[in-house]
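FYI, the numbering just counts along the sequence from 1. Just follow the structure's listing: the first ligand is 1, and inside any ligand the first atom is 1.
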Amino acid sequence: MKVAAYVKTSLVDFPENIASVIFTQGCNMNCPYCHNKDLCTMKDMVDNQDIISHLAKRAGTIQGVVISGGEPTLQPRLKDNCRKIKSMGFKVKLDTNGTNPRIIKELIKEDLVDYIAMDVKAPPQKYRDLCGLDFRDVEESFNIIKSFKNHEFRTTFYPLLDASDIKDIVDMTGTKNYYLQQYRPISDDSPPSYESESVRDLCRDLKIKYRGI
Ligand code: SF4
């Protein structure tokens, strides 16, 4: 598996678990707010064996491993790595953009994943404008993940989106497993984020949770 970065300990990436986070290399979307673009193109990889050795040493402290990206389902050895990590006693969380329903289906069927977080980039009518792909490219994954017991959907509140777009998304996802994430500009040329107060108000009105404010 091509791993561009590895965070040894995180308290915020896997709900209710102390986790290590693996960032795989490469992505098939092109989101304007991506903070991981460097990871998507970098050539120096983290040795998979170093990760396994670290996890073996931290068993008992680390409870789970988050496989994030980039887009992890582009990695041909994703399932093998999930299997290995699970066999060591860790839970696995997958972060995905939802473009590979076949792999997601297999991970669930083979009990290789414990929690799945999928980005819902925009309502269907704005999907391509935001990330370069259509909602129909992720719709099958969306439906699979929605019926998986431990899941979340999340949206980064990029200014291309407005309150009515978030309402449209919540109508699809429901409120229980949904998070609205504050957008953070990535450069001086990036559009400014919405005021925190207005994001909080929107979340209160829609009865949804938020992160990053
Ligand atoms: S899907 Fe994620 S990793 Fe890929 S471009 Fe968008 S924000 Fe970046």
Which of the ligand 1 atoms, numbered from 1, are nearer than 4.0 Å to a heavy atom of C27: 1 (S), 3 (S), 4 (Fe), 5 (S)
Does the residue K121 have a heavy-atom contact with ligand 1, meaning some pair of atoms that are separated by less than 4.0 Å? yes
Mind checking whether atom 8 (Fe) of ligand 1 has an N, O or S of C34 under 2.8 Å? yes
So how far is it from I116 CD1 to L107 CG, rounded to the nearest 0.5 Å? 7.0 Å
How far apart are the C-alpha atoms of M172 and K146, what are their side-chain angles, what is the distance that settles it, and do they pass the side-chain contact (heavy atoms from CB on, under 4.5 Å) test? CA-CA 10 Å; M172 294 163 46; K146 197 172 181 186; 5.6 Å; no
For ligand 1, which atoms, with element, lie under 4.0 Å from some heavy atom of C31? 1 (S), 5 (S), 6 (Fe), 7 (S)
Give the residue and atom name of whichever protein heavy atom lies nearest to atom 3 (S) of ligand 1, and the separation in Å to one decimal. G70 N, 3.5 Å
In the structure I gave you, are the side-chain heavy atoms of Q25 and L74 within less than 4.5 Å of one another anywhere? no
Please find the pair of heavy atoms, one from Q63 and one from E16, that lie closest to each other, and give the distance. OE1-O, 4.1 Å
Report yes or no: does a heavy atom of C131 sit under 4.0 Å from some atom of ligand 1? no
Stepwise salt bridge (Lys or Arg N to Asp or Glu O under 4.0 Å) check, R136 with E139: CA-CA 5 Å; R136 66 170 176 270; E139 189 168 12; over 6 Å; no
